[in-house]
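Encoded as structure tokens, the structure appears first; notes follow it.
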Protein chains: 2
Amino acid sequence: MMERQKLQVTVDIVILTIQDQRLKVLLVKRGIPPFEKQYALPGGFVLHNESLEDAALRELREETGTTDVYLEQLYTFGAPDRDPRGRVVTVAYYALVAPGNSPLVAGTDAAEARWVAMEDLPKLAFDHRKIVDTAITRLRNKLEYTTVGFELLPRKFTLAQLQEMYEIILAKPLDKRNFRRKTEGIGLKALDEWHRTGRKPARLYTFAKKRRG
Amino acid sequence: MMERQKLQVTVDIVILTIQDQRLKVLLVKRGIPPFEKQYALPGGFVLHNESLEDAALRELREETGTTDVYLEQLYTFGAPDRDPRGRVVTVAYYALVAPGNSPLVAGTDAAEARWVAMEDLPKLAFDHRKIVDTAITRLRNKLEYTTVGFELLPRKFTLAQLQEMYEIILAKPLDKRNFRRKTEGIGLKALDEWHRTGRKPARLYTFAKKRRG
DNA sequence: CCAAAAGTGTTAGGAGTACACCCATGG
DNA sequence: CCATGGGTGTACTCCTAACACTTTTGG
């Protein structure tokens, strides 16, 4: 009786990073049916004695080699027909990986993993497209009233990089002067270091608040 | 092997209403161990071929006799030790019930159900206190940038009732004139009906936007 | 000296906040 | 006529948004 009420529970993760001025998601190519050879989000079963977040972290380590990322539970998807093999409830998470922390492709897992730009998303397996969309919406909203955005930047960054990150995620241009004014008062520390690559060197900043790792 | 990865999945619901100028939660007294005779959130197993939301609606109907309420997924709690009987992952929802729609206590379910004011919450079973707190936080936030609040009011209401509802949930007094100014521009329809009970009659309003049912 | 990106202020409009009195009714 | 809750306006501050030129450097 109890047994009959058990369901398969997985964790799927929308792992996001910024690369080449694009917001990218980590996708894995499925080796087996259903949706063989289609791309899907990394994910896996929740084991009997690990928490949901631990399951997500385990997946994350398998795919990216690191757990030093921002990780947040997103939403739980449980339509009875979302997996053709049977009933699978998935707890979706999203993770933000800073450029330095994103070994381009995965380590131990056999499946082929790739960073794919949001605007080049292929058709995804299962309801994973909906999960990705939910993650983007959440990220955009959080960007407006939190400082999660810094999780997508290296520890030291220029104000131009910071603004670019916002513009990439929100998919709209921002006014440079207004943007800089708003950065005053969120705890940026100006460093005595300079990023020299364009013409005029740009000052480097760092963000004080807690950073895991 | 597959079987070993199955877990028990439940849905728990934080059903909220406003009664006697207090925000109240519907709690049920447990009849069996663990936590026998303690209060808990209404909840139950997700059946094999119903969606998570359907499971929540089913619980809701069992406890309140209606499904004409606002219902939103809250968060999924899955610590391995959250239920002493074994591994149970619960997908928490919260529901907002308008005064007219809240038959004071439940219908079919045998368990004793009660509306309990937030400030009188007893010690709850499992991690249900955390779930309730999560719901309140979510509700407070949503109140600021959405119109969910109207789900806690009868179809026709006075501006004083509207303000009172905000004050109860946010647990702080609001300025009457500023509050009324803000209500302009969210689509309130002034009716030609008057609530007469205090001294001067108060105008009744209604909120246009979609209301289930 | 020139191309390219860095850096910097002002103004106008809208939103939020603080604040106090008169009005209509039922008893 | 009075007690009770209903209803209303203004001034100040702060945030947002629009907008263009000068500075520094490497080549």
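All chains are named by letter (A, B, ...) in the order of the sequence lines, taking the proteins before the strands, and each is independently numbered beginning at 1.
- Along DNA chain D, the nucleotide nearest to B/Asp175 and the one nearest to A/Asp175 differ in position, and the one closer to the 5' end is contacted by B/Asp175.
- The CD atom of A/Glu164 sits 11 Å away from the P atom of C/dA5 (whole-angstrom rounding).
- Regarding contacts with the backbone of D/dG7, every side-chain N or O of B/Arg203 stays at 4.0 angstrom or more from both OP1 and OP2.
- Residue B/Lys200 places its side chain closer to C/dC23 than to any other of C/dC23, C/dG26, C/dC19.
- Residue A/Arg177 places no side-chain N or O under 4.0 Å from the OP1 or OP2 atom of C/dG9.
- B/Glu184 has its CD atom 13 Å from the P atom of D/dG7, to the nearest Å.
- As rounded to whole Å, 9 Å separates atom P of C/dT17 from atom CD of B/Glu144.
- Of the residues near DNA chain C, A/Ala202 and B/Pro201, the one whose nearest nucleotide (by heavy atom distance) lies more toward the 5' end is A/Ala202.
- For B/Lys130, the NZ atom sits in a loose shell: 12 or fewer heavy atoms of surrounding residues, nucleotides or ligands are nearer than 6.0 Å.
- When the C1' atom of C/dA6 is taken as reference, atom CZ of A/Phe179 falls 15 Å away, rounded to whole Å.
- To the nearest 0.5 angstrom, B/Phe150 atom CZ is 4.5 Å from B/Phe157 atom CZ.
- Between B/Tyr166 atom OH and C/dG16 atom C1' the separation is 16 Å, expressed in whole Å.
- Across the protein-nucleic acid pair, B/Ile186 atom CD1 and C/dG16 atom C1' stand 16 Å apart, rounded to whole Å.
- When each of B/Asp12, B/Asp127, B/Asp83 is checked for a side chain to side chain donor-acceptor pair (under 3.5 Å) with B/Thr90, only B/Asp12 meets the rule.
- Comment: B/Arg180 does not engage B/Glu184 in a salt bridge, judged by the lack of any side-chain N to carboxylate O separation of less than 4.0 angstrom.
- Using a 4.0 Å heavy-atom distance criterion, B/Arg180 is classed as a base contact.
- Across D/dC19, C/dG26, D/dG26, the shortest atom-to-atom separation from the side chain of A/Arg199 is found for D/dG26.
- You'll find a donor-acceptor pair under 3.5 Å spanning the side chain of A/Arg181 and the base of C/dT10, going by distance alone.
- Per the geometry, NZ belonging to B/Lys176 stands 17 Å off P belonging to C/dA18, to the nearest Å.
- A 4.5 Å side-chain heavy-atom check between B/Pro42 and B/Thr64 finds every atom pair outside the cut-off.
- Between B/Asn178 atom CG and D/dT8 atom C1' there is a gap of 12 Å when expressed in whole angstrom units.
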